[in-house]
2 protein chains.
Amino acid sequence: MPAERPRPTMQDVADKVGVSKALVSLVIRNAPGASAETRKRVLDAAEEIGYRVNRTAALMTAKRSHLIGVMAKISSGFHAEIVEDLVAAADRAGYEIVLGAVTPTHDEARVVETLRDFRCEGLLLIGPELPAREIEAVAATMPTVVIGRRITEPNLDVVRSADGRGIASAVDHLVGLGHRDIAHVDGGTGTISADRRTGFLRAMRRHGMSDSARVVSGDFTEAAGMRAVSELLDAGLPTAIMCANDYSAIGAMDRLRRAGFSVPEHVSITGYDNSLLARLGSIDLTSVSQQPQEQADRAIEAVVERLDGGRTEPRSTVLAPALVVRGSTAGPRR
Amino acid sequence: MPAERPRPTMQDVADKVGVSKALVSLVIRNAPGASAETRKRVLDAAEEIGYRVNRTAALMTAKRSHLIGVMAKISSGFHAEIVEDLVAAADRAGYEIVLGAVTPTHDEARVVETLRDFRCEGLLLIGPELPAREIEAVAATMPTVVIGRRITEPNLDVVRSADGRGIASAVDHLVGLGHRDIAHVDGGTGTISADRRTGFLRAMRRHGMSDSARVVSGDFTEAAGMRAVSELLDAGLPTAIMCANDYSAIGAMDRLRRAGFSVPEHVSITGYDNSLLARLGSIDLTSVSQQPQEQADRAIEAVVERLDGGRTEPRSTVLAPALVVRGSTAGPRR
DNA sequence: TTGTATGCGTTATCAT
DNA sequence: ATGATAACGCATACAA
């Protein structure tokens, strides 16, 4: 027995003021068609009896909900960061965010269903791992934007940052410092990892260093970074190691230091994501920012264009990542 | 013009099967009063035409929504962790979580309003910074549980971990290792910080070490940890430093190392929260876990007791924190 | 077991 | 500018 005291309704306000509820509706929604006089009286009465519009009821009849569903894995710092920027951007565009959290007990499919049940008009999927055809099936139903994953399907908008270019800028940075022997610790199978890996190989080729370009397999974890360095210790250490993300970079740094090498004096290290970790003074990791705020702005822009502007052709927005140089990189020892 | 293709309704299913929508309603809700025969036919038809109950409409008439609102600051790793556990626990109890994210652009008051608008039956506030009377005002309206903050108001349930005891267990650990000169870097004003500070002082007194108990002021940031160590370097380094949270502990560690001291050889360091950071191999920080999963379970238990069990007296649940010993603490140098 | 009727709080259409 | 009224999709008491 949830002690639910009956909320005042629009009718209550109307009765109090002595007008029709239709008029109250106009005033509450800030729609034109009510005199300033009445408007004030209605607002005052509403305030007084503590009236708040019943969103559930409003959604029943309203054409629009102005709700945007966002699927994210909040345990990921990067996702959480983007979500923050999304609510701000949505706010500016006159929309509200409904957040669907992906957790071990709530998989992506279920989150999407829930979001849809809440009558969201558009869907923003952050780093979805759902099969492309399932995403496409959703996108056929409602405006959908995929954030941070390369995927081309009709009906689908994509906002992401160019992972290949991000890695390339890091390679350029290291080469500029004089490095010639660079290894990459990748993130395993998966689109993102693949993009970063090929970005690395391509950039190395561009610098005429294909021969020294080594790739060690990993999986985006700290442990993977440590394992990779163990391998490299056996095979012969490069002068710089570029990791597929910050976590593995931190693992790599740690393993190196435990082996008696110092960063960046003996080996330079780069990460990816420009996470909170990378920014820590005690870690101070050169990393690549995916520009979460930019991505958030573009994603909101994309849905809103479809929702308010009537756009129907898909659009892909690829942002340039930004290298953030910190203390984990320096010129190689001679 | 959001291309909203009309969703199939209960009537559509009813028409297809050739029954009334009331009957369909029974079947969908899994309520008794329909033959197994019809049940199957209805379910099949629903499946076929892709029918999903319109939650908005259902909420209009249903007594219950089985929705629990959670206010959290997802940029906080600790909050994010608890949220994950909450959705799992809610799931087991037959409820669904509506997540309200507190961000720089959406303050706590606004989030609470939104959650209420979504017709949540209960509210879970994680680490609220709202004034106690505002929280009480909400709690007067609907079952409310405050997580992680000490506060006593009528109508209010509280689930938290005993910060004082957590710090005390860390003190005991250090004293057991032989430390006699211990400093505490606090987290500024605020309930949580105060609890940890007094917990420290009390534990030190218990060990007869009030004289050597020093408190340096901080603010839960990495920078605060660094500043605090700078102060201590001038005043004379203790053999152990207990920080109010992991962030400031990391700042402290870093500052010490830059000054040429090593952890834990010269100085032992402890943090608080047992965050992802503390668990990193390269940081390996002795810390105190607030047991997020336990807290989540208890919080759900509390609302559900009020919602389903009809409990009305407030209840406060104080959990025992768990010390997690890692590599940042060791016996003092002689 | 099944169907009918009514209400939920709001928005939207059409009068006035 | 204002009001009456019909949806909206579903749950529920009640009738059959």
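Every chain is numbered from 1 and lettered A, B, ... according to where its sequence line falls, protein lines coming before strand lines.
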Should B:Glu153 and B:Arg133 count as an ion pair when the cut-off is N to O under 4.0 Å?
no
What residues 17-33 of chain B contributes to the DNA chain D interface at heavy-atom separation below 4.0 Å is B:Lys21, B:Ala22, B:Ser25, B:Arg29
Can you tell me how the ring of B:Phe118 sits relative to the ring of A:Phe118, calling it parallel under 30°, perpendicular over 60° and tilted otherwise?
perpendicular
Can you tell me which nucleotide in D:dC10, C:dT10, C:dT11 comes closest to the side chain of A:Tyr51?
C:dT10
Donor-acceptor check, side chain of A:His79 to backbone of A:Ile74, threshold 3.5 angstrom: yes or no?
no
Rounded interatomic separation in angstrom, taking CE from B:Met60 and C1' from C:dG9
5 Å
Rounding to a whole Å, what distance do you find between A:Met10:CE and D:dA4:P?
16 Å
Atom pair distance, as rounded to whole Å: CG in B:Asp12 and P in D:dC10:
9 Å
To the nearest angstrom, the CD-C1' distance between B:Gln11 and D:dC10 comes to 11 Å
Between atom CG in B:Asn54 and atom P in D:dA7, what is the gap in whole Å?
18 Å
Taking only Lys NZ, Arg NE, NH1 and NH2, and the carboxylate oxygens of Asp or Glu, determine whether B:Glu305 and B:Arg315 approach each other closer than 4.0 Å.
yes
OP1 or OP2 of C:dT10 versus the side-chain N and O atoms of A:Thr56: is any pair under 4.0 Å?
no
Does a salt bridge link B:Asp91 with A:Arg110, judged by any charged N lying under 4.0 Å from a carboxylate O?
yes
Can you give me the bend angle of the helix from C:dT1-D:dA16 to C:dT16-D:dA1? Use the axis through the first five pairs and the one through the last five, nearest 10 degrees.
30°
For the pair B:Asp44 and B:Lys16, find out whether any cationic side-chain nitrogen is under 4.0 Å from an anionic carboxylate oxygen.
no
Rounded to whole angstroms, how far apart are NZ on B:Lys63 and P on C:dC8?
9 Å
Hey, is A:Asp15 close enough to A:Lys21 for a salt bridge, meaning N to O under 4.0 Å?
no
Whole angstrom is fine here: how far is it from CZ in A:Arg7 over to P in C:dC8?
15 Å
Rounded to whole Å, the CZ-P distance (B:Arg64 to C:dC8) equals 20 Å
Measure from the side-chain heavy atoms of B:Ser35 and tell me the nearest of C:dG9, C:dT11, C:dT2.
C:dT2
Give a yes/no answer on whether the side chain of A:Thr9 brings an N or O atom under 4.0 Å of OP1 or OP2 in C:dC8.
no
Salt bridge (charged side-chain N to carboxylate O under 4.0 Å, His left out) evaluation trace for A:Asp297 with A:Arg92:
CA-CA 10 Å; A:Asp297 289 347; A:Arg92 288 192 294 271; 3.2 Å; yes
Under the salt bridge (charged side-chain N to carboxylate O under 4.0 Å, His left out) criterion, do B:Glu113 and A:Arg55 qualify, and how do the steps go?
CA-CA 11 Å; B:Glu113 287 307 326; A:Arg55 196 186 214 125; over 6 Å; no
